[in-house]
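What follows is a short report on a single structure.
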Amino acid sequence: MTFRNALSFALLILALPLTTLAQPGPGEGPDENLEAIEPEAEALRVGLAGDYPADIARFLLAQGVQGASLSPTGEYVAVRSLVTGEPQVWLVPASGGQPRQLTFGNGVTFFHWAHDGQSLFYGADNDGDEQEAYYRISLDGKREQRVLPAQPGAFRQFGAVLPDNRGIVFASTERTGLHFDIYVLDLQSGEQRKVFEGEYAWWPRSLSPDGRQLIMTQAVGEDSNNLYLLDLESGDKHVLAKPERRANTQDGGFAWSMDGRAVYHTSNKDREFRALVRRNLADNEVEILVEVDHDIDNVQLCGPDRRYLLWTTNEDGFFHLHGRDLHDDRALDIPELAEGVYSLSCPGESTRVSIVVNGWATPGDLVVWDLESGRTRTVWASNLAGLDPERLVRPESIRMPARDGVTLQGLLFLPHEEARVDDRPPPVVFDVHGGPTSQAMTQYNGAMQYLLNRGIAVFRPNIRGSTGFGHNYVTLDDREKRLDSIRDLVDMLEFLREDGRVDADRAIVRGGSYGGYAVNAVLANHPGHFIAGVSLYGVADWVTALEVAAPALKATDLIEYGDINDPEWREFYKVNSPIRQADQIDVPVLYSHGVNDRRVEIYETEVMVRTLRDNDIDAPYIRFRDEGHGWRRMSNRLFYHRREAEFMEEQLGLSEPATDDD
């Protein structure tokens with residue numbers, strides 16, 4: 001069935017109202033007069049196992065765990081899984097055994113163990129509006145309480161549980177709706193005490209073993225931070241790192257020494273990549289422990305007296321695990337893991353470590369590693385939904401020069417020979433990541449693996465401004481250099497044309513969030529290169545987007561984009577926003593957005609849809625009433641990605657075009 005055929009029965013909003021209402025402006029919600037596709041319940045189609053090309057549903061239903069945290073006792077691993085169709089918390093015995101679902105309500109946004117390992121705290125919002133309530137649930141799932149109700153305008157960031165389980169630490173915008181302050185909530189009395197009043201984005205990061213001191217960060221743009229130590233009782237704040245050249249000291253996590261006198265973390269202060277460091281809190285002296293030409297992540301201290309130090313390196317989106325026995329001063333024997341991206345968890349003095357492995361052929365394995373014996377056990381194996389793993393495609397990291405000499409990088413996925421439809425090089429879909437301070441890595445992506453099994457190549461670009469390639473690289477798209485990163489997409493396409501392994505004349509560009517903006521921008525500023533676009537919840541007008549952005553984004557946007565209240569930057573973005581060049585877009589674009597999006601207002605998508613349609617450009621639009629910034633519900637993912645795939649296949653000539661009689 002073609003994309004347009006699907007519209008003939010899936011459109012819920014085809015007929016416009018008889019009375020025409022004024023078009024909503026930024027922050028005023030969706031335009032009910034705008035023709036949109038909205039999902040209804042539909043029969044699940046998966047095809048037959050073993051039939052190829054396989055139905056896209058199988059690629060989306062292939063899944064594992066999304067995150068994991070080992071209990072303080074090392075007995076259980078709490079994980080988040082979409083197996084029910086919504087993100088919920090499950091418990092898995094660390095020694096192996098039957099997983100058990102723990103939460104059943106609104107989709108879970110985070111979870112955190114209490115120190116005694118007998119309960120968990122978790123957050124849930126309302127259909128993706130990012131204004132969370134906090135809950136506590138017992139280990140057996142039979143007792144649950146709401147410890148902090150959702151509050152309009154209160155965006156929160158969970159920090160930590162106090163050692164005696166009497167309180168939690170979190171940040172919230174409830175005072176002003178914009179600035180994040182840090183609070184301690186007493187769980188017995190219900191008293192909420194503000195311990196720090198912030199301006200813009202301040203995050204609680206890690207609590208000392210005695211619960212007295214909090215490491216907190218102040219956002220400096222989207223990729224960096226200042227580092228502070230806060231006394232929770234007195235409110236005194238001490239600067240740990242506030243470098244003149246902005247730096248990242250937070251993304252690798254924090255691990256405290258047993259006595260609380262030192263903290264291990266990562267830092268790219270005065271260097272390109274994040275090194276592993278040990279910070280002595282008494283004198284703030286920093287010792288560099290590991291420094292390589294890659295970013296270090298996942299810093300953990302595990303085992304009796306915290307004797308085992310673990311970390312990962314990010315090498316072009318492929319993670320590698322490392323470890324050291326600090327007592328014996330020797331490297332650990334690292335277990336063999338599937339390729340991909342890793343996340344680690346080890347609590348207190350446990351010798352067990354949980355590892356989530358998410359790779360191009362592994363949608364989320366949960367592995368428990370015993371540091372003393374060296375043995376590993378997979379306690380939750382990914383379910384490939386009947387797919388043959390041999391048909392999944394491994395990416396190749398490639399580099400190419402931009403026209404100004406900057407070296408760019410991306411991940412190229414080429415379809416296997418048996419999946420190709422003819423002898424020509426395959427068409428290609430550019431899948432642009434969000435952020436922009438993010439990175440295309442080697443995680444499993446069902447929608448992209450489906451395209452590969454249909455004979456379509458996929459290229460995941462890391463344009464300038466992406467993380468993972470050094471401090472300088474991430475700054476190359478700041479402010480007035482924004483469109484340099486958009487131009488990178490054209491340079492990458494031209495490199496692939498010369499490379500010859502894909503058909504650059506049949507190229508589609510797609511992306512979500514900042515990637516959705518990149519789609520709008522490259523089609524508007526560089527017409528003639530891509531034959532179609534797919535833009536998910538992307539920015540059209542930076543002026544309106546920056547004015548109504550969520551508090552966390554407003555805090556980081558000042559360095560990344562400039563202050564939109566400054567006449568200089570307002571004028572810059574009045575000119576340099578996709579909506580200003582939208583008349584140059586001359587190819588079909590599929591748009592989509594969630595009504596509850598608090599990061600990019602739905603106005604941004606709807607103004608592009610109206611503009612393209614006014615120019616007689618095909619611009620189908622999918623709107624979700626029960627989603628925010630992305631699709632959490634499996635039913636919505638199935639609905640959306642089937643129609644996205646049908647749209648792209650039709651543009652590439654891989655399906656019969658619809659006729660007026662369809």
Side chain to side chain donor-acceptor pair (under 3.5 Å) against E339, all qualifying residues, sequence neighbours excluded: W360, R394
Excluding sequence neighbours, so at least two apart, what forms side chain to side chain donor-acceptor pair (under 3.5 Å) with Q449? none
Any donor-acceptor pair under 3.5 Å linking the side chain of [X] with the backbone of [Y]?
X	Y	value
N445	M448	yes
R643	F639	yes
E606	D31	yes
N596	R625	yes

For the residue pair T109 and D125, confirm or rule out a side-chain donor-acceptor distance under 3.5 Å. no
For the ring pair H629 and Y537, is the centre-to-centre distance below 6.0 Å? yes
Given the side-chain rings of F430 and F530, with only the six-membered ring counted for Trp, is the space between their centroids under 6.0 Å? yes
Ion pair check, D55 and R642, cut-off under 4.0 Å: yes
Does a side-chain N-to-carboxylate-O contact under 4.0 Å join K481 and D478? no
Any pair with a residue in residues 41-68 that passes ring pair (Phe, Tyr, Trp, His ring centres under 6.0 Å), sequence neighbours left out, goes on the list, sorted by first then second residue, please. F59-Y450
